[in-house]
Amino acid sequence: MQIKDILEKAIIDAAQSTISDGIFKIADTDSLPEVLLEVPPKKEFGDFATNFAMQSAKIFHNNPRKIAEELKNRIKLEQVEKIEIAGAGFLNFYLKPTIIYDHFREIFNNGDNYGQLPNKNNKTIQIEYVSANPTGLLHVGHGRGAAAGSAIVNIMRAAGYNIEAEYYINDAGNQMDKLTKSVNARYLELLGQKVDFPEDGYLAQDIIDTAKRIIESEGDKYLNVSEEERMNAMRELGYKDKLAELKKDLKAFRVEFDNWFSERTLHPAAVNEAIDVLKEKGIIYEHEGALWLKSTDYGDDKDRVVVRENGEPTYLAADIAYHKNKFERGFGELINIWGADHHGYVARVKAAMSALGFDADKLKILFLQMVALYRSGELVKMSKRSGNAIPLRELMEEVGTDAARFFFLMRSMDSQLDFDLDLAKKKSSDNPVYYVQYAHARICSIFRQTAEMNIKLGDNPNFNLLIHPSEIDLINKIADYEEEIEKAAKEYAPQRITRYTQEIAALFHAFYRDCRIIGVESELASARLGLIKVTAHVIKHALGLLGVSAPESM
RNA sequence: GCGGUUGUAGCUCAGUUGGAUAGAGCAACUGCCUCCUAAGCAGUAGGUCGCGCGUUCGAAUCGCGCCAAUCGCACCA
C-alpha cells in the first residue's frame, strides 16, 4: 500500500470517528468530500497536504481550523512524524525520513520495470492518428500529430492500458484521382511527352520524384498502352510509392502503427451498408438529387450530404462507414487525433454514430493546434526546396528527430506551437532537449569512470545515507514518476512528461554540483551510485515515452 | 454572424475535480571550472494571470458579458 493511500484512509477514518463520537453532525444526504492529497508547493509545508478540512467545512457546519484540529488529534500513524495545521485549514503531513528511503529501495529493486504500471485489463483503446492522405509528403503539421499520437500511445501503454494504434489510409476518392492524374502527367513529361498538367493536380516536387522512381523500376512500358491501362498503373504505382514514402518518414520519426486501415476496403459494400442502415432509421433523405444525413437532429449546424448528385459517396460517407467499423470492432474507447482545422467535422461524425445507435461519447476526438516554424525570428512559411508546406523530413534533416519530437511535445496540444529552429539546433543548455540528454550522458560518464576506479554499487546500498537536500529532492522527484505517467495518460497530455524530464534533469544537475561520488567514502559512493542509476533509468524511460533517445555520451 | 482553441514576466509557455507568497526556460544583469563533461551550477531583476461583472470563506482556475489572436463554418479532404 502506498503511503498516499494510507494517509487517505487515515483521514477518512478520522473524519468518520468525529461523527460517531458526536463531535460533528452531518445530514444523511451529505457525504464526505473526496480526500485530495497533494505535494505542497513549499517544502516547509511538509511532504503531503490536504484541504480536506476546508472541503468538509460546509457539511460539518464548522470552521476549517476546528475541523483540522479534530482530525489532527485522531490521526496516529507510524509513518508520520508530525501533522501541522496551516493557512485556512490545511493539514500538512511530515513523514518520517525512513519512509522515503523505504520507497526508494523498492524502486531501486524494481530495476528497469519502474515506469511500467500494472496492466489495467481494460478493453483495448484504439488511437487513430496522422492518417494523412498518401498523395504527398508528411509536413510539419502531420509531424506534430505523429509525435503527439505516438507519445500518447507510449504513455498510455506505460500506464497499463491496452492500446491499438491505427492509421487510416485515404486511398479512395477524389484525392487519389488527382494523384493519378498528376503522376501520369509527370511520368509522360519525364519521358519527353508534351502534356497539359492537370489544373487541380499536385504540383510539388515529390510527385516528380515519384514519377522518376516509377520510371526507374518500370521504364517506359506504359507509354504505348491504352490511356485507361496507363492511368490504372499510375494510380497503383503512385499510391504504392507515396505510401512507402509515408511509412519511411514515420519510421524515421519513430512512429509505429499496429494497423493500417485502407479506405478502399470500405467501398462499396460497407459504405452502402452504412447508408442503408441510416436510411432504415429514417435519418437519410433525398434533396436535389443528393442523399443527406439529417445530422441537425443530433446537434449539428446543418444537414450533410453523404451521396452526391452524381452518385459518388462523399468523404463523410466513407468516414461513417469507417467509424461504424471501428465501433463494431468492440474497442473500449476510440480516440482520434485531428488537426484543429477539422473541428467542424466532429458534430457530423458523432451525429452519424448516435444515429447508428452507438455511444458517441466513446469516440473521443483530440485536437492539435497549428505549428509555426521560426528561423532567425522570422516565420518560415514555405519550403524552399518543394515550394510547399515544410515537409517533416526537411525538419528532421535540419534539427534531428530528437529535437523535433521533443519540441513538438513541449506544449499542450491545444496551444499553437511556435517552433524555434535556431534553438532546436543549438548544442547548449539553452536547448531543452540537450539539457535533458546531457543529464543522462553525465550519469553514464560517471559509471564509466567509477567502473575503472573499482567503485562499486553493490546489491544493497544503504540509501539512508542520502540526506543532502539535493539528494532528497531527486529521490522525491523519482518517486513521483509513476503518478506523472498516470496523469499524463488520463489527460492525454504528453507535455507533462516532457516537463518532467526537464525537472528531473535540473534536479540531477543540482545534485551533481553538491554531491560527489568519486572521492567520498565507499558506502556513501555506493548509495549515490544507486541514486543516479535510478535517475538515469527514469530519464531514459521518460525520454523513451516521448520517442527521444538518451545518449550515453555527448 | 456562428462555433472551436488561445490570451499568465520583455519572449516561449507550465499551472484540472477552486486553496497557502502565481512557476519554469530563454533573453538581461552578477558570480562559479587546480574538483566525476561549463552541453553545467548559483544569484538579481522582472506580474493589473486580456478587460469587466458575478458565484465563493477563497478565483489564473467556475458562470455571464466584452476585447484581441487563430482555425473552421463544401455535393474538398
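Just so it is clear: chains get the letters A, B, ... in the order the sequence lines come, proteins before strands, and each one is counted from 1. FYI, side chains are in, hydrogens and waters are out, and symmetry mates aren't considered; it's all heavy atoms of this structure. The shown structure was predicted, so the numbers you read here are calculated from the model rather than taken from an experiment.
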For A:Thr450 and A:Asp418, take the nucleotide of RNA chain B holding the closest heavy atom to each; which residue's nucleotide lies nearer the 5' end?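 Between the two, 5'-proximity favours A:Asp418.
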Can you work out whether A:Ser412 or A:His343 has the more 5'-proximal nearest nucleotide on RNA chain B?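 Nearest-nucleotide comparison on RNA chain B picks A:His343.
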Please classify the nucleic acid contact of [X] as base, sugar-phosphate, or nothing, using heavy-atom distances under 4.0 Å.
| X | value |
| --- | --- |
| A:Lys487 | nothing |
| A:Arg513 | sugar-phosphate |
| A:Cys515 | base |
| A:Ser553 | base |
| A:Ser415 | sugar-phosphate |
| A:Ala441 | base |
| A:Ala340 | sugar-phosphate |
| A:Ala439 | nothing |
| A:Glu309 | base |

If we take the [atom1] atom in both [N] and [M], what is their distance in whole Å?
| N | M | atom1 | value |
| --- | --- | --- | --- |
| B:U16 | B:A60 | C1' | 12 Å |
| B:U70 | B:U12 | P | 14 Å |
| B:G15 | B:G1 | C1' | 35 Å |
| B:A28 | B:A45 | C1' | 9 Å |
| B:C41 | B:G25 | P | 9 Å |
| B:C71 | B:A9 | C1' | 28 Å |
| B:G10 | B:C66 | C1' | 27 Å |
| B:U44 | B:G65 | C1' | 42 Å |

salt_bridge(A:Arg304, A:Asp300) N-O dist < 4.0 Å: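 Yes, A:Arg304 and A:Asp300 are salt-bridged.
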Between the side chains of A:Arg348 and A:Asp319, is the shortest nitrogen-to-carboxylate-oxygen separation below 4.0 Å, so that they form an ion pair?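 A:Arg348 and A:Asp319: not salt-bridged.
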Measure from [atom1] on [X] to [atom2] on [N] and round the result to the nearest Å.
| X | N | atom1 | atom2 | result |
| --- | --- | --- | --- | --- |
| A:Asp402 | B:A39 | CG | P | 19 Å |
| A:Asp303 | B:C75 | CG | P | 11 Å |
| A:Arg411 | B:C13 | CZ | P | 6 Å |
| A:Gln175 | B:A77 | CD | C1' | 6 Å |
| A:Asp301 | B:G3 | CG | P | 9 Å |
| A:Gln495 | B:G25 | CD | C1' | 16 Å |
| A:Leu37 | B:U17 | CG | P | 13 Å |
| A:Leu368 | B:U70 | CG | P | 20 Å |

With both distances under 3.5 angstrom, what nucleotide forms a Watson-Crick or G-U wobble pair with [N]?
| N | answer |
| --- | --- |
| B:C33 | none |
| B:U44 | B:A28 |
| B:C53 | B:G63 |
| B:G23 | B:C13 |
| B:G58 | none |
| B:U70 | B:G4 |

Whether A:His343 and A:Phe367 hold their rings parallel, tilted or perpendicular, with breakpoints at 30° and 60°: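 Perpendicular: the ring planes of A:His343 and A:Phe367 meet at over 60°.
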Ignoring hydrogens and angles, answer whether the base of B:A20 and the side-chain atoms of A:Asn92 contain a donor-acceptor pair closer than 3.5 Å.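 Such a pair is found, so the answer is yes.
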Quiz item: A:His342 side-chain donor-acceptor pair to B:G72 base, under 3.5 Å: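 Not at all, since no donor on one side and acceptor on the other fall under 3.5 Å apart.
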Presence of A:Arg442 side-chain N/O under 4.0 Å of B:A38 phosphate oxygens OP1/OP2: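 For B:A38, OP1/OP2 do have a side-chain N/O of A:Arg442 under 4.0 Å.
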Under a 3.5 Å cutoff, is there a donor and acceptor pairing between the side chains of A:Asp414 and A:Ser412?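 Present: a donor and an acceptor within the cut-off.
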Can you confirm if the NZ or CZ of A:Arg442 lies within 45° of the ring axis of A:Tyr512 and under 6.0 Å from the centre of its six-membered ring?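 Yes, a cation-pi geometry holds between A:Arg442 and A:Tyr512.
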Please check this pair: side chain of A:Glu484 against backbone of A:Asp480, looking for a donor-acceptor N/O pair closer than 3.5 Å.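 Not a single qualifying donor-acceptor pair exists.
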If you check the [X] side chain, which of [options] turns out closest?
| X | options | result |
| --- | --- | --- |
| A:Ala49 | B:A39, B:A20, B:U5 | B:A20 |
| A:Met554 | B:A20, B:A42, B:A39 | B:A39 |
| A:Ala290 | B:A14, B:C75, B:C41 | B:C75 |
| A:Lys302 | B:A74, B:U70, B:A77 | B:A74 |
| A:Tyr435 | B:C36, B:U5, B:C41 | B:C41 |
| A:Ile518 | B:A14, B:C36, B:C75 | B:C36 |
| A:Asn174 | B:A42, B:A77, B:A20 | B:A77 |
| A:Gln369 | B:U5, B:A14, B:C71 | B:U5 |

By the definition side chain to side chain donor-acceptor pair (under 3.5 Å), identify the one residue from A:His323, A:Glu166, A:Lys364 that meets it with A:Asn336.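 By the side chain to side chain donor-acceptor pair (under 3.5 Å) criterion, A:Asn336 pairs with just one of A:His323, A:Glu166, A:Lys364: A:His323.
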Pull up the glycosidic torsion of B:C49 and say syn or anti, syn being anything within 90° of 0.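 Anti, angle beyond 90° from zero.
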Sort out for me which residue in A:Phe406, A:Phe408, A:Tyr374 forms a ring pair (Phe, Tyr, Trp, His ring centres under 6.0 Å) with A:Phe419.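 That would be A:Phe408; it is the only one of A:Phe406, A:Phe408, A:Tyr374 passing the ring pair (Phe, Tyr, Trp, His ring centres under 6.0 Å) with A:Phe419.
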Under the criterion of centre distance below 5.5 Å and interplanar angle below 30°, is A:Phe367 classified as stacked on the base of B:G4?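 One would not call A:Phe367 stacked on the B:G4 base.
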Taking the ring of A:Tyr435 and the ring of A:His509, is the distance between their centroids below 6.0 Å?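 Yes, close enough.
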